[in-house]
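Below is one structure, written out as C-alpha cells; the observations come after it.
Predicted model only: the values in this text are computed from it and were never measured.
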Amino acid sequence: MAGRRRRFTEGETSRAAARSAALADLLHSECGHLLELYRKKESLGTDLVLSDLLLVSVPPASSQLEVRDQLWRIHSALGQCRCLLERAIAREEQAFGVTAVLKADYQKQRKAVKDRLALLLASTRELLQAFSGTAGLTTTTNCQEPDGSTVLFEVKMWIYRIYRELEYWSLAAITPLQALAGTASVRMSTRSRRNMRR
C-alpha cells in the first residue's frame, strides 16, 4: 500500500544515504552557480557583508544527536529553505516581472535548484521513514519577507540571503549523510563477517 512504511535493510539505507549525500553535493554546487548568476544579474559585488544570522531555525548541531535526529534537523532545515525559496521566487517575479528582468540562464538555474531541492527533500524523507519516522524535534518556519519592504535593494538582498542560506544548508547536509552511508556500510560488513564465521 502507498501509505505503508517499510524498513530499509542496512545496505538500502547506506545506498539511500549515499544518494542523498550526492544530491546535497550537487545542490550545493548548483546553489553556488545560482548565486553567481544572481550577483551578475543584480550587479552585486562578491564582497557583500551580510548578517551571520540564519533565516532557518533548527536545533544546533551536536555529535550527541542520534542519527534520526540529525536527519530530521537537515530535513527540517531544507524544508524551510524550500519555503523561503518559493517566497523569493514569487516576490522576485512580482517585483521585477517574469520576462523583463530575469535572464533565461538565471531562470533555468533557479528552476534546477528548486527541482534538486525537492529531490533531496524526498530522499531525506525516505531516510527518516527508514529510521521509524520523525524524531519529535520542534522547529519553526520563518518564511517572512523583509518587513513588508518595498525598497527594491532590500528585496534583492533578502533574495540573495535566501540563496546563500540554501547553499549553506546543502553543504551542511553532505557530511551527516556521508557519515550515515559509511556507518550503515560498516555495520553491514561487520554483520556479514560474523555470518561468514558461523
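- Taking all atoms of both residues into account, the shortest heavy-atom contact from Ile162 to Leu84 is CD1-O, 3.6 Å.
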Quick one, Trp169 with Glu165, criterion side chain to side chain donor-acceptor pair (under 3.5 Å). Give me CA distance, side-chain angles, the key distance, then yes/no. CA-CA 6 Å; Trp169 284 108; Glu165 188 97 2; 3.3 Å; yes
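- Of the candidates Arg87, Glu42, Arg164, Glu92, Ile159 forms a side chain to side chain contact (heavy atoms under 4.5 Å, CB included) with just one, namely Glu92.
- The CG atom of Asp25 sits 11.0 Å away from atom CZ of Arg116, with the distance rounded to the nearest 0.5 Å.
- Between Glu36 and Lys40 there is a salt bridge, with a side-chain nitrogen of the basic residue lying less than 4.0 Å from a carboxylate oxygen of the acidic one.
- Shown here for Val58 and Ala77, the closest heavy-atom pair between the two residues is CG1-N, 3.9 Å.
- Summarising the geometry, atom CD1 belonging to Ile74 is positioned 11.0 Å from atom CG belonging to Leu121; distances are rounded to the nearest 0.5 Å.
- Both Leu85 and Tyr106 belong to a single network of hydrophobic side chains, linked directly or stepwise wherever heavy atoms of I, L, V, M, F, W or Y lie under 4.5 Å apart.
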Pair Gln107-Arg110, side chain to side chain contact (heavy atoms under 4.5 Å, CB included): steps then yes or no: CA-CA 5 Å; Gln107 219 169 351; Arg110 191 179 67 179; 4.0 Å; yes
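- Taking CG of Leu78 as the start and SG of Cys83 as the end, the distance is 13.0 Å to the nearest 0.5 Å.
- In this structure, Ser170 contributes its side chain and Glu167 its backbone to a donor-acceptor pair below 3.5 Å.
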Please evaluate residues Gln109 and Val113 with respect to the criterion side chain to side chain contact (heavy atoms under 4.5 Å, CB included), reporting the C-alpha separation (whole Å), side-chain torsions for both, the decisive distance (0.1 Å), and the verdict. CA-CA 6 Å; Gln109 186 63 26; Val113 164; 4.1 Å; yes
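- Considering all non-hydrogen atoms of both residues, Leu44 and Phe153 come closest at CD2-CE1, 4.4 Å.
- The two residues Ser14 and Ala181 come nearest to each other via the heavy atoms OG-O, 2.9 Å.
- Atom-to-atom distance recorded for Leu55:CG and Gln80:CD is 9.5 Å, nearest 0.5 angstrom.
- Going from atom CD1 of Ile174 over to atom CG of Leu26 covers 9.5 Å, rounded to the nearest 0.5 Å.
- Counting all heavy atoms, side chain and backbone alike, Gln178 lies closest to Ala21 at CG-CB, 3.7 Å.
- Interatomic distance, CG of Leu166 versus CD of Glu30, reported as 10.0 Å (0.5 Å rounding).
- At a threshold of 4.5 Å between side-chain heavy atoms, the hydrophobic network of Ile, Leu, Val, Met, Phe, Trp and Tyr places Trp158 and Tyr160 in one connected group.
- Below 30°, between 30° and 60°, or above 60°: for Tyr163 and Tyr38 the angle between ring planes is above 60°, a perpendicular geometry.
- Pairing each heavy atom of Leu117 with each of Cys81, the nearest pair is CD2-C, 4.2 Å.
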